[in-house]
There are 4 protein chains.
Amino acid sequence: ARRIATSAKSSLPMYHSTKLPLESPKSILIVNKMRTQPVILAIDAFLEHVHTTYPGVRVFHEDRVDIPHGAEVWKPGPHAEKIDLVVTLGGDGTILHASSLFSTGAVPPVLSFSMGTLGFLLPFHIDDFAKALESVFEGKATILNRMRLACTFYNKDLAKKGSDGDDWQVMNEIALHRGSSPHLNTIDIFVDGQHLTEAVSDGLIVSTPTGSTAYSLSAGGPIVHPSLSALVLTPICPRSLSFRPLVFPASSVITLRIGDRSRSPAGVSMDGRTSHVLKPGEYVNVQASPYPVPCINRSSIIEPGDEGEHHEGAGPGKDDDWVRDINNLLQYNATFRSKALLRHSRT
Amino acid sequence: ARRIATSAKSSLPMYHSTKLPLESPKSILIVNKMRTQPVILAIDAFLEHVHTTYPGVRVFHEDRVDIPHGAEVWKPGPHAEKIDLVVTLGGDGTILHASSLFSTGAVPPVLSFSMGTLGFLLPFHIDDFAKALESVFEGKATILNRMRLACTFYNKDLAKKGSDGDDWQVMNEIALHRGSSPHLNTIDIFVDGQHLTEAVSDGLIVSTPTGSTAYSLSAGGPIVHPSLSALVLTPICPRSLSFRPLVFPASSVITLRIGDRSRSPAGVSMDGRTSHVLKPGEYVNVQASPYPVPCINRSSIIEPGDEGEHHEGAGPGKDDDWVRDINNLLQYNATFRSKALLRHSRT
Amino acid sequence: ARRIATSAKSSLPMYHSTKLPLESPKSILIVNKMRTQPVILAIDAFLEHVHTTYPGVRVFHEDRVDIPHGAEVWKPGPHAEKIDLVVTLGGDGTILHASSLFSTGAVPPVLSFSMGTLGFLLPFHIDDFAKALESVFEGKATILNRMRLACTFYNKDLAKKGSDGDDWQVMNEIALHRGSSPHLNTIDIFVDGQHLTEAVSDGLIVSTPTGSTAYSLSAGGPIVHPSLSALVLTPICPRSLSFRPLVFPASSVITLRIGDRSRSPAGVSMDGRTSHVLKPGEYVNVQASPYPVPCINRSSIIEPGDEGEHHEGAGPGKDDDWVRDINNLLQYNATFRSKALLRHSRT
Amino acid sequence: ARRIATSAKSSLPMYHSTKLPLESPKSILIVNKMRTQPVILAIDAFLEHVHTTYPGVRVFHEDRVDIPHGAEVWKPGPHAEKIDLVVTLGGDGTILHASSLFSTGAVPPVLSFSMGTLGFLLPFHIDDFAKALESVFEGKATILNRMRLACTFYNKDLAKKGSDGDDWQVMNEIALHRGSSPHLNTIDIFVDGQHLTEAVSDGLIVSTPTGSTAYSLSAGGPIVHPSLSALVLTPICPRSLSFRPLVFPASSVITLRIGDRSRSPAGVSMDGRTSHVLKPGEYVNVQASPYPVPCINRSSIIEPGDEGEHHEGAGPGKDDDWVRDINNLLQYNATFRSKALLRHSRT
Ligand SMILES: NC(=O)C1=CN([C@@H]2O[C@H](COP(=O)(O)OP(=O)(O)OC[C@H]3O[C@@H](n4cnc5c(N)ncnc54)[C@H](O)[C@@H]3O)[C@@H](O)[C@H]2O)C=CC1
Ligand SMILES: NC(=O)C1=CN([C@@H]2O[C@H](COP(=O)(O)OP(=O)(O)OC[C@H]3O[C@@H](n4cnc5c(N)ncnc54)[C@H](O)[C@@H]3O)[C@@H](O)[C@H]2O)C=CC1
Ligand SMILES: NC(=O)C1=CN([C@@H]2O[C@H](COP(=O)(O)OP(=O)(O)OC[C@H]3O[C@@H](n4cnc5c(N)ncnc54)[C@H](O)[C@@H]3O)[C@@H](O)[C@H]2O)C=CC1
Ligand SMILES: NC(=O)C1=CN([C@@H]2O[C@H](COP(=O)(O)OP(=O)(O)OC[C@H]3O[C@@H](n4cnc5c(N)ncnc54)[C@H](O)[C@@H]3O)[C@@H](O)[C@H]2O)C=CC1
């Protein structure tokens with residue numbers, strides 16, 4: 001990883017890594033989606049390690065038939081056991097799922113392990129769990145607070161939709177889409193109550209900076225650094241030559257209202273999970289949530305210089321995980337090859 | 001202008017309009033670029049009005065041969081007369097020029113008048129100057145602090161370029177471009193000292209949110225609301241399929257360094273003014289300036305409901321000028337016509 | 001409409017308007033989708049006019065309950081009555097529907113009338129039907145042969161899908177889309193049997209030049225002049241930074257095959273009509289159809305200079321309808337307003 | 001290289017490879033730009049090989065001080081020696097240069113060798129020159145006729161610019177650009193004499209399909225298969241949200257005229273060489289040239305199955321070089337990595 005000595009600020013610590021204000025965690029929630037053999041083995045090793053190394057720490061798991069032996073049942077909701085640390089094992093979708101478990105209040109710090117597969121939200125490899133846990137228990141971990149969006153749905157008569165009236169919290173995005181309807185839908189967009197435009201399109205995405213590398217990116221949106229607080233509005237196949245992605249401050253309220261004469265309703269997906277269908281006249285309000293997801297950084301366990309040159313693209317510890325990820329995972333700005341890489345016409 | 005009643009925040013005052021913390025201004029600087037007949041007449045009327053209505057207020061003008069009668073000479077620099085209010089007459093370029101006059105410190109509040117031509121940075125029509133001034137003097141004006149970027153240039157040997165070593169302040173953007181060189185240039189991009197990527201392209205733009213509707217937009221960048229603090233990096237004709245605009249938090253330092261083997265140097269334009277040429281090994285650091293431009297909002301003089309329905313696209317006073325501008329000026333999301341607008345085949 | 005005198009070819013007649021090799025039509029098929037009051041009245045007037053002015057000419061209509069009085073029933077298929085001229089009344093969708101009625105062989109010349117609403121495929125206003133018919137019967141009409149695509153569907157075992165084994169003919173595009181499935185699909189793209197790439201996306205569009213201003217445009221595709229014979233491949237929200245629209249010669253065969261491990265099947269829409277669902281391993285071959293749609297040009301009835309200056313955007317008769325359409329309908333390259341169009345801050 | 005068995009056409013020979021109608025060449029022109037050590041050695045070996053293996057064949061070289069020993073001087077122009085085969089050694093730019101040597105008439109077949117570096121127009125590696133020559137002399141070579149554009153420049157008074165009045169032939173593109181002027185230029189675009197639109201931008205590109213992977217691609221244009229005959233118009237940083245690349249049939253004449261009130265002139269680059277400057281009122285006509293560049297295909301020397309699996313991305317002989325190139329060189333549709341490619345957090 002190449003660095004340049006910049007003036008002034010460059011010598012400061014990473015601004016978007018806040019120190020985790022963490023006493024030693026007393027309770028850990030393990031989150032996994034699939035329960036493949038590697039996941040089972042990893043969870044077993046993890047439980048064994050916690051019970052041995054940090055006696056007294058309680059380990060919880062969602063209430064499922066396949067709950068691992070040695071973990072206590074945890075149920076979300078107002079009376080849920082307090083969790084001090086969430087540990088996820090799986091892909092990006094596993095963190096999205098963990099986020100969805102804390103939809104009414106603060107999210108505990110999240111320590112995310114990949115099972116070998118790279119992911120945008122996965123700072124740690126499962127093989128490093130002991131070292132990662134240690135840095136958390138020793139109070140050395142730093143976090144990136146990933147902004148979430150709060151979505152509230154309304155009926156035509158302006159009443160909240162749904163029995164509970166609770167907001168939905170999303171970490172990537174809320175997407176409205178015509179789905180399998182053959183026709184385009186018409187959605188009125190308001191910003192802080194002011195009419196912005198009427199979109200005739202396949203749909204619309206309101207994304208967090210975290211989600212800017214997910215669906216919004218595929219739809220043509222910009223890449224927004226996750227330490228920024230902002231809302232990204234990206235159209236999906238708009239019937240207009242002049243629609244562009246928009247970036248709003250985190251203080252904005254974006255309202256998406258299905259047009260009264262829309263030829264299609266709009267299916268709603270939040271972080272990839274399908275939920276509501278919005279009919280003409282119905283709408284959703286989207287705004288920054290007061291409850292971000294505190295994600296423990298990879299640099300928490302890496303010392304500068306730790307990594308050898310053989311680690312493709314991986315930078316020294318103080319570096320920004322995000323720079324590594326857009327290069328390694330998205331293959332950002334892959335330049336055209338003009339080096340003598342291949343002998344292509346030999347016979 | 002249509003509005004929707006959104007929950008919660010929508011009833012709050014406009015978050016991005018701060019009240020101008022202004023005692024009655026004692027000194028006004030008039031800025032104009034061209035001195036066309038309408039501008040001459042407008043300045044005369046303005047001077048007359050100020051001297052009559054606000055006696056004791058001093059009116060300044062840049063030191064030029066065509067300085068208007070009744071205005072005192074003003075020279076920028078450390079010993080410049082203190083200015084309490086800047087008044088610009090002209091197009092967007094006139095505000096960019098006013099910004100450049102205050103390149104080493106705080107900028108006084110700026111009240112901008114168009115001479116009839118629409119502009120993105122022009123909230124007021126010249127015919128309304130009396131009313132606009134009144135609202136400023138009565139302390140009713142609100143401002144939008146438009147972020148600027150501070151640019152510092154370095155030689156190959158890391159020494160600051162230029163005798164004075166001062167930063168350059170830009171309101172729209174800094175653009176590096178191959179200009180009339182036939183060959184692409186190679187620029188290494190660093191973020192907070194960490195190498196992000198090597199760009200092979202016609203050039204690169206680092207823009208403010210204000211500048212996101214200027215050159216960056218033409219190069220394919222997103223539209224960023226000016227009340228957000230962020231840096232937008234947009235490539236110009238990159239030789240890569242996978243370059244995308246990036247949005248960084250205002251705390252970032254972006255370094256653009258001409259590659260040692262770059263086939264072209266890069267000409268630098270700041271807010272449209274050509275300045276340096278950067279040769280291989282030379283670089284520029286770009287970061288948020290501590291000195292934004294406090295722009296007086298159009299809503300300062302408009303009461304809700306003031307404007308009649310005959311004002312195309314213009315919204316009620318409390319509305320966001322920006323929404324009006326991207327609709328009216330940029331013709332944002334102009335939908336395909338499918339109404340019976342034209343009789344096109346009649347003979 | 002402004003013209004410039006170009007050298008050489010510019011004085012030639014419009015290259016993409018071939019003269020209609022038409023003897024006086026003996027049979028006309030009227031096609032309409034909706035049967036609104038204006039359509040009913042227009043069809044009545046049309047029938048009346050034909051029977052009076054061109055006695056002996058038979059007028060047909062699709063076999064529907066709402067068949068107009070005075071029209072004979074027409075059924076598509078191998079034993080269909082021969083049609084010399086198709087007349088459509090409605091929007092662009094009505095021509096797409098007319099095209100679908102001739103899916104196994106040549107399409108008769110198509111004369112398309114708008115009911116007042118503008119459309120991309122609609123050269124004539126219904127009020128001009130007498131004049132338009134006259135130019136057809138006098139052999140003065142010129143046509144644009146709009147290329148179609150032939151689509152053939154195959155099972156995993158390479159057998160043709162569907163009982164009849166017939167090709168589907170499309171005038172705009174074939175679109176594969178994940179529809180309401182939450183997951184992206186994986187589609188292998190082959191060109192002339194050679195593997196081009198694997199697309200992970202919401203879907204893919206293969207479009208004609210005619211269709212380049214329809215769905216493909218919304219997905220980011222280029223605008224292709226309809227007198228060119230070419231296939232346009234445009235991805236829909238691909239999970240890649242480096243996917244770009246591709247334009248192939250009309251001699252190409254494009255194969256889209258759902259990947260064996262695709263997480264979603266793909267719904268197929270042809271010219272907006274939903275038909276098949278393709279499961280992993282199934283595929284579709286797309287190639288230029290031998291049966292284009294001969295569309296009668298607007299210039300058939302307009303003499304140069306006919307149109308007054310008051311007709312916004314409309315050009316003289318010899319001009320290309322397409323230039324008019326992308327300007328008037330798509331508002332192509334609408335420039336930012338910088339003229340004194342609005343008085344926006346008056347009170 | 002994976003192949004799929006498509007129906008019908010897929011079993012036909014490659015449609016866009018025509019057989020070279022070539023008697024044994026009697027004269028060869030060697031073209032190189034730089035004269036680096038590897039080029040010198042390669043030319044020596046080539047000359048030696050030709051003189052030994054094909055005695056009687058004359059070998060020419062451009063008239064330069066560094067003309068290789070054993071080659072005769074060749075000067076372009078009406079009295080130039082007839083050339084039966086052009087051999088280029090170097091990068092893509094070398095072929096562009098070879099094309100420029102034949103600017104007034106037919107171009108002989110071109111056999112292009114890379115010196116190890118990959119290029120889009122470079123089918124052969126220099127080490128294979130004996131085998132490639134053999135296939136040409138044995139009449140087994142196939143060619144792809146790469147379309148060129150003929151550009152004619154006119155003064156304000158419609159007279160041809162330049163003493164000779166000759167057309168310029170380009171293989172990639174003609175680009176108009178503001179260059180180092182700070183201001184945007186205004187260019188009126190006409191198609192077959194009809195006004196299409198007024199572009200306010202950094203510039204405009206009219207490209208061949210061959211050039212669609214060069215500058216036009218960087219400016220956002222589509223990728224067009226080189227066996228298609230078409231003109232691609234791509235704007236460079238247009239001040240409009242609604243400008244899109246356009247693809248025209250090869251029969252079109254595109255006129256680019258600098259607007260009378262354009263704030264900048266436009267510098268002209270053809271295939272990367274800077275030539276004219278066009279001032280307000282001056283214009284250029286661009287149309288398909290009657291003289292394409294017949295490029296000898298890589299598949300001329302490769303038998304299907306020849307290449308082992310170890311050749312990254314290289315396909316069997318009958319395959320389309322272009323598919324290989326957009327994958328290998330442009331890294332087209334590089335998918336996001338989600339495989340366990342890297343162990344990134346190990347310590
Ligand atoms: N056309 C597209 O690009 C679509 C994208 N999605 C995205 O999928 C997400 C759901 O993810 P899964 O449950 O894992 O579904 P999934 O298993 O279908 O995976 C979607 C892909 O997106 C990646 N991903 C997720 N969040 C990301 C982020 N913030 N940055 C970069 N990559 C990210 C995942 O690693 C995975 O490769 C949604 O939130 C949405 O953003 C959903 C539908 C269509
Ligand atoms: N291809 C392009 O789009 C280019 C754009 N520019 C822009 O021109 C600016 C300089 O402006 P002038 O001195 O007036 O030069 P100019 O007189 O050449 O005008 C450039 C145009 O940009 C508009 N503009 C300026 N700032 C804007 C903003 N923040 N948002 C929306 N529109 C804006 C102006 O109203 C004017 O129409 C530069 O800062 C740069 O952003 C400069 C060169 C090329
Ligand atoms: N996101 C999008 O842009 C989508 C577009 N479509 C398009 O709709 C077409 C079907 O049209 P309808 O049956 O009328 O459905 P529709 O009534 O839903 O209309 C679609 C719109 O596309 C316009 N249109 C159709 N063909 C066109 C063409 N060749 N050039 C320019 N505009 C055109 C129509 O005038 C209409 O405004 C499909 O072939 C597909 O191209 C379908 C789904 C999504
Ligand atoms: N921003 C950009 O992308 C710019 C691109 N160019 C291109 O450079 C060309 C001149 O090439 P050189 O003399 O070699 O100059 P050069 O040495 O500056 O190389 C330009 C690059 O373009 C590549 N290239 C050339 N023709 C190509 C094609 N048809 N398809 C794919 N890649 C191609 C070359 O291999 C080289 O990597 C011009 O015709 C123009 O297309 C020129 C200026 C700016």
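Here is how names work: the chains are called A, B, and so on, in the same order as the sequence lines, proteins then strands, and each is numbered from 1. These figures come from a predicted structure and were not determined experimentally.
Scored by the salt bridge (charged side-chain N to carboxylate O under 4.0 Å, His left out) test, C/Arg257 finds C/Asp260 as partners (sequence neighbours excluded). Not a single side chain to side chain donor-acceptor pair (under 3.5 Å) links C/His276 to another residue, sequence neighbours left out.
Below 4.5 Å, heavy atoms of chain A meet heavy atoms from C/Thr213, C/Ala214, C/Tyr215, C/Leu217, C/Ser218, C/Ala219, all part of residues 213-223 of chain C. Scanning residues 169-185 of chain C against chain A with a 4.5 Å non-hydrogen threshold yields C/His177, C/Arg178, C/Gly179, C/Ser180, C/Pro182, sorted by number.
With rounding to the nearest 0.5 Å, the separation of CG in A/Asn333 from OG in C/Ser242 is 11.0 Å.
Your options are C/Ile236, C/Thr274, C/Asp202, and the one with the most heavy-atom pairs under 4.5 Å with chain A is C/Asp202.
For C/Tyr332, the parts sitting under 4.5 Å from any heavy atom of chain A are the backbone and the side chain alike. For A/Ser269, no part sits under 4.5 Å from any heavy atom of chain C, backbone or side chain.
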